[in-house]
Amino acid sequence: MAMLDTNADLRAQTEQIFRRKRLITLAVPSLILAYLVYIFFSFDIAGLWQRADGRNAQILISDAYSYKTHVTRDNRTGAVSVAIEGEKKGRYPEGESPYWVDLGETTFVDLEGGHSVTFGPDLITYVNPDIGTSTFRVSRSQGVVADYPFPLDEMPEWINASKNRVAITTDAGRLTITRNRAEVFRYFTGWELFFFTLDSPYHGLGFGALLSRAVHGEAGAILSDFWNNPMWLHKEVAWAIFETVLMAFLGTFGAALVALPLAFFAARNFAPMMWVRMGARRFFDFFRGVDALIWTIILTRAFGLGPLTGALAILITDTGTFGKLFSEALENVDEKQIEGVQSTGARPAQRYRFGVLPQVTPVLLSQILYFLESNVRSATIIGAITGGGIGLMLTQAILTQKDWEEVTYYIVLIVLMVMLMDWLSGLIRARLIKGDEAGH
Amino acid sequence: MADLTHAHRPTTDLHQSYMALVGRRRLYSGIMLAIFVALMVSGFNLAASRNGGSFWGGLPNILDYPSEVVSEALSKASEIPGHIVTYFPALLETVNIAAVATLIGALFAVVLSLLSTRGMAAFPRLTGLFRRTMDVMRAVPEIVIALLLIFVLGGGPVPAMIAIAVHTAGALGKLFSEVNENASLKPVEGLQSVGASWSQRMLLGVVPQVAPNWLSYALLRLEINIRASAILGFVGAGGLGYELKVAIQWGQGKFDEAGAMFLMLFLTIVFFDQLSSHVRDRLTHGQRVKG
């Protein structure tokens, strides 16, 4: 065609093409931009900035890698207790305390860097190396009576004082005094009591000491103390991870088992009858279209909460997906091999077994393994709804809004679990493809 | 093959060794199958034992809930169109979350995939780093980021959007970099020889080759993200999922609303499913016709 055109025509054509291209290169980005502007207002991004809680973010991040130990004095009885994260499970036994707390008639709490707090019988003293000593007296009638080393109108912003409550927050720690109690928080880096809680005889021992004890026949006790750690719940977490993988495994392979025979009805070359094919395809579309969310809701009503419900929800949704994928794979089967098997006098069942299955198995398996990995992630989310597995533990830990170190731990485990499944399924898929090249 | 050259070797030997091989192969397959069946059965029983209700006990009731919803929705059929109008903004929000997340995620994926493909990377030594970054982004389930961001940013569509976008960037980044590996590097070299910068080389040399495939994967992702967006709404991130949760917790009396939302969600998913497969078909086959 172009050969017949005159040069002028060619030039006009080229210019037109260029104009169109220029228009597209301009139109696509501006359309995207317009859409983003619409979203900016529709999602109220500007307002979000004001609503965002910076303090929450700070708590979340600092709590993820640090913990605090509470030293609490009951102002009515005068009793002092020391507990990690203020939890019952992390409380030091009566009369015991960490090295920086001196228990006694007057309790001395060393916050390092020159900061210290003293709980006396009557007075609570806070020493700040930059400012001096503040003393507080608690009385039932007057609330918290404070005596600061500076005039009251020069109160620094890190002291928050009212009649019944004083809160002092510095980098060294935090002191709160109310009528009922006085409490000191001191922050430490790390995950507290990750291996052993305070009531275990192995708390505070080094790796070498543990190893020598393990050699002397205490290995079982050491493992059981770690495994049953009441604060970090290693046993429950391991079970939850296993349950999540189990949900994904049952759902994926169950769906594959259901979808494989049905896929033959949806493949053009195996189901010549139009209405059977259309019926099977609409059936798959329906199961895929009713999303996992809706299946989860319906199944929860019938089977109650738990991992089985989650597995069945994955199974039903993926039956639709696999049905579609498998039927596409079956349509691409090479007819010659089936004919070859048929020519030896094979019956239909044998034709499928020896003519079709060996051809599609690597393709199908590779698809199934790909979905197994993605379903581990789905199982985490579905578990949060149906109440099973690590998804449930994660949502519960997030909802308490204080155990962020546990949330971090779960997130790390989930990411590792998904990456492991990804790696494993990739490994098996690679072997399948290689094995296929070698012969079968 | 080697055995065929040894013509003097008796065929009975050959036959026997072949049968032995087949027998061993069958044995292995049989063992694998037995292990698989045992795993499935015991796993199923284990899951059932830890479930709230039993499988066989619940099986007859499986249609109870849908039939309750359908019958109540049918008895109030005249109100369904009204509900659809009421909840349309929520549906729009769910679709918007998915669309923006796909868009932003795909843009990040483009950059990440170009940076992690051999021969195209701007910093060849860092390809491994970008790949691991994508692996981690892909591995974090959306719910994790969504819940953390809800704590910091409060409820609403943005946490879900960011969560889905992060995952999308990782997932699409991997697929995009697989596409990039098949692209010809000659245009890139040509552009380099005339002194084009990295972004020019990528934009003019690589993008025109791979854009249809990228678009095809992104559309597939959009469909997946709409489902994810609905689920995230259910765990507290706004949109139709949230409204659905409220209606379901209410139970009887609001089944007409729940039914309307089920219907909307179903139709939306089917619509995007069909749309994306239609457009992807055009993208891959249309290209071939144009040649």
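All chains are named by letter (A, B, ...) in the order of the sequence lines, taking the proteins before the strands, and each is independently numbered beginning at 1.
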Can you tell which part of [X] gets under 4.5 Å to a heavy atom of chain B, answering side chain, backbone, both or neither?
X        : answer
A:Ser378 : neither
A:Ala384 : side chain
A:Val376 : neither
A:Tyr410 : neither
A:Trp239 : side chain
A:Leu312 : side chain

Under a 4.5 Å cut-off applied to non-hydrogen side-chain atoms, are [X] and [Y] in contact?
X        : Y        : result
A:Phe286 : B:Val270 : no
B:Leu244 : A:Leu293 : yes
B:Ile143 : A:Arg377 : no
A:Glu243 : B:Leu46  : no
A:Leu257 : B:Phe36  : yes
B:Val140 : A:Ile414 : no
A:Phe253 : B:Leu39  : no

To check you understand the geometry: which heavy-atom pair defines the closest contact between [X] and [Y], and what is its length?
X        : Y        : result
A:Leu250 : B:Ala47  : CD1-CB, 3.9 Å
B:Phe266 : A:Val290 : CD1-N, 3.5 Å
B:Ser277 : A:Lys324 : CB-NZ, 4.3 Å
B:Leu153 : A:Leu48  : O-CD1, 3.9 Å
A:Ile381 : B:Glu142 : CD1-OE1, 3.7 Å

Original post:
Using non-hydrogen atoms and a limit below 4.5 Å, what part of residues 88-96 of chain B faces chain A?
Top reply: B:Leu92, B:Glu93, B:Asn96
Subject >> Region of B:Ile62 that comes under 4.5 Å of a non-hydrogen atom in chain A >> reply: both
**OP:** Check each atom of B:Met261 against the heavy atoms of chain A and say whether the ones under 4.5 Å are side chain, backbone, both or neither.
**Re:** neither
**OP:** Identify which of A:Leu399, A:Leu416, A:Val415, A:Val407 forms the greatest number of heavy-atom pairs closer than 4.5 Å to chain B.
**Re:** A:Val415
Original post:
Out of A:Thr380, A:Ile297, A:Ile411, which one racks up the most heavy-atom pairs below 4.5 Å with chain B?
Top reply: A:Ile297
Quick check for you: among [options], which has the greatest number of heavy-atom pairs under 4.5 Å with chain A?
options                                : result
B:Phe151, B:Phe234, B:Phe272, B:Phe44  : B:Phe151
B:Pro157, B:Gly154, B:Ala48            : B:Pro157
B:Ala171, B:Pro141, B:Gly156           : B:Pro141
B:Leu103, B:Ile150, B:Val152, B:Leu149 : B:Val152

Separation between [atom1] of [X] and [atom2] of [Y], rounded to the nearest 0.5 Å:
X        : Y        : atom1 : atom2 : answer
A:Ser374 : B:His167 : OG    : NE2   : 7.5 Å
A:Met247 : B:Arg50  : CE    : CZ    : 11.5 Å
B:Leu148 : A:Ile398 : CG    : CD1   : 4.5 Å
A:Thr296 : B:Ile231 : OG1   : CD1   : 6.0 Å
A:Phe43  : B:Ile97  : CZ    : CD1   : 5.0 Å
A:Asp422 : B:Asp135 : CG    : CG    : 6.5 Å

Original post:
Quick one: which residues of residues 298-306 of chain A reach chain B at under 4.5 angstrom, heavy atoms only?
Top reply: A:Ile298, A:Leu299, A:Arg301, A:Ala302, A:Phe303, A:Gly304, A:Leu305, A:Gly306
**OP:** List the steps, then state whether side chain to side chain contact (heavy atoms under 4.5 Å, CB included) holds for A:Met419 with B:Val136.
**Re:** CA-CA 8 Å; A:Met419 288 176 90; B:Val136 173; 4.1 Å; yes
Subject >> Neighbour count above 12 (heavy atom, 6.0 Å) for A:Tyr370 OH >> reply: no
Original post:
In this structure, which one of A:Ile294, A:Asp285, A:Asp291 forms a side chain to side chain contact (heavy atoms under 4.5 Å, CB included) with B:Ile269?
Top reply: A:Asp291
